[in-house]
Structure formats: C-alpha cells, structure tokens
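For reference, the structure discussed in these notes is given below.
Residue numbers start from 1 in every chain, and the chains themselves are labelled A, B, ... in the order their sequence lines are given, proteins ahead of strands.
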Amino acid sequence: MNKKRPVNLDLRTIKQPLPAITSILHRATGVVLFFGTLFMTYALSLSLESEAGFNETITMFEEGFIARLITWGLVSALLYHLLAGVRHLIMDAGHLEELESGTMAAKATLAVAAVAILLAGVWIW
Amino acid sequence: MVTSITSFGRSGLYDWMVQRVTAVVLLAYTIFMIGYLLFNSDMDYMQWKSLFECTSMRIFTLLALLSMAAHAWIGLWSVTTDYIKPTGLRFVVQSGCGLLTFIYVVWGIQILWSV
C-alpha cells in the first residue's frame, strides 16, 4: 500500500457522524466514572462509618453546591454510559447496524440520555 | 506478530465477553441502587447500615465492585492504547489506572466488611 497517500486526522476539520459522537461520549463518560468513583467511594465510606458520618454525608449532598454538582455530573455520566452501553448490547445482537438505523439509535440514545439527565437533575435538586 | 500483554484476558474475544458480562452486572446494580434510593428518600442511618449488613447485599456489592474493576480496566486499556502512543507514558498511565483500580477493590472490601 502506498504510504504517501494524504491522510486527514485533524479532528477539528472532520465532521463526526452522530454514532461517532455517541461513541466518543461513551468513552469520555467511562473515564469520568472511573475517577468519579473516588468521590462516590468516599461518600459511601463516610455514610456507613457512623451515625454522625451518615448525617455529614446527607448534609454534604443537601447543602453543598459543589457536592451536588459533582453528584449530578457523575449520575449524568452514569446514565449516559449505561444507555450507550445498552445500545452496544443491542448492536452485539445484530440490530441497529445499518446506516439509517444506526443514526436513529444514536439519536435515540442522546435524546433518552438528555431526558434522564434532566430528571436526575430534578431529583438531586 | 506482537501479541498484547496488557489486555485483561490476553485475548480480545475474552475481553469482549468479560466487558459485556460485567456491564450487565453493573446495569443490574445501578438499577437496584437508583430504585432503592428513589423509594427510600427519607431513610435513616439504621436502615442504610442494615442494608449493607445483609449478606446478599454484600455479595451483590462485591460482585459489582469486582465487575467494575474488570470493566474499567478493559475500557481504560482500550482508550489508553488508542490515544497514548509513546510506550513509556502509556505504561505509566496504565499502571496508575491499575493501582487506582486495586485501591478501589481493597477500599470497597474494607468499607463493606466494617459495617
């Protein structure tokens, strides 16, 4: 193969198709969740440590703006990652792999995730 | 051909399967936790504590924790091998991810069994 062929890998000039966007978001949210587990494990540890720790955790989530923002961010990442993962499992079974149905599934994933994230925001606040 | 030595199961097919099985475990755990928190919004410490004192909950949580460790390793391995090309840097980042995963597992077990 001729290795001198022109290659464009400049992400800023490539128009990403919708399934590519859902895919990169799936990866990004996965990385966020891995590091966010640090915060959530800390919260779990504090809440199970003692009655005082439990109340401290509740206060942190109810009154701390930053803690709630982090929680909403992590819950959003989790919901998106989960829905995009379900889409992957459906694709593993051989569905939604055509150009048209694939784009539809990507749209549906983004739409359902947006609704779920909004609902999570309402729940947390 | 150079075969990969840092993947989870040393085989792409095995990693693929582990990724799916652990994903289903994590899906079940997430649905359970969200459901539990939604329907017990006025829960107190005793209720929260007794939930995690229950053996079945400890088994379920440990299963989810170990699934998370394997799932995260396979995912982070894919992402880091795709985007971090210099071998030395990739090795350092992957080692860091492995260490944090190990910390999560030990810390999680400690939390569960000190309730």
If you count heavy-atom pairs under 4.5 Å between each of B:L37, B:D44, B:V24, B:I34 and chain A, which one has the most? B:D44
Side chains of B:L38 and A:W123 in contact at under 4.5 Å (non-hydrogen atoms): yes
Applying the 4.5 Å side-chain criterion to the ILVMFWY set and letting contacts propagate, would [X] and [Y] be lumped into a single cluster?
X	Y	answer
B:L51	B:L112	yes
B:L27	B:V25	no
B:I31	A:L79	no
A:V32	A:Y80	no
B:Y36	B:M57	yes

Should we count [atom1] of [X] as having more than 12 external heavy atoms under 6.0 Å?
X	atom1	answer
A:L99	CG	no
B:Q47	CD	yes
A:Y42	OH	no

Going from [atom1] on [X] to [atom2] on [Y], what distance comes out if it is rounded to the nearest 0.5 angstrom?
X	Y	atom1	atom2	value
A:I58	B:M43	CD1	CE	6.0 Å
B:L76	A:F35	CG	CZ	6.5 Å
B:K49	A:S47	NZ	OG	12.0 Å
B:M33	A:L44	CE	CG	7.5 Å

Residues 78-91 of chain B: residues contacting chain A (heavy atom under 4.5 Å, by number): B:S78, B:V79, B:D82, B:Y83
Those residues of residues 102-109 of chain B that come under 4.5 Å of chain A on a heavy-atom basis, listed by number, are B:Y104, B:W107
Looking only at heavy atoms, which two atoms of A:F34 and B:A72 are closest? And how far apart? CD1-CB, 3.6 Å
Do you know the tightest heavy-atom contact between B:Y45 and A:L48? OH-O, 3.4 Å
Scored by heavy-atom pairs under 4.5 Å with chain B, the best of A:S45, A:G85, A:G53, A:A120 is A:S45
Of all of A:V75, A:L78, A:V31, A:D92, which one pairs up most often with chain B through heavy atoms under 4.5 Å apart? A:D92
Tell me, side chain or backbone of [X] under 4.5 Å from chain B's heavy atoms, or both, or neither?
X	answer
A:T57	neither
A:L33	neither
A:L83	neither

Tell me, side chain or backbone of B:T30 under 4.5 Å from chain A's heavy atoms, or both, or neither? side chain
Please flag which part of B:M68 lies under 4.5 Å from any non-hydrogen atom of chain A: side chain, backbone, both or neither. side chain
In terms of ring plane angle, is the pair A:H81 and B:H71 parallel, tilted or perpendicular, where the classes change at 30° and 60°? perpendicular
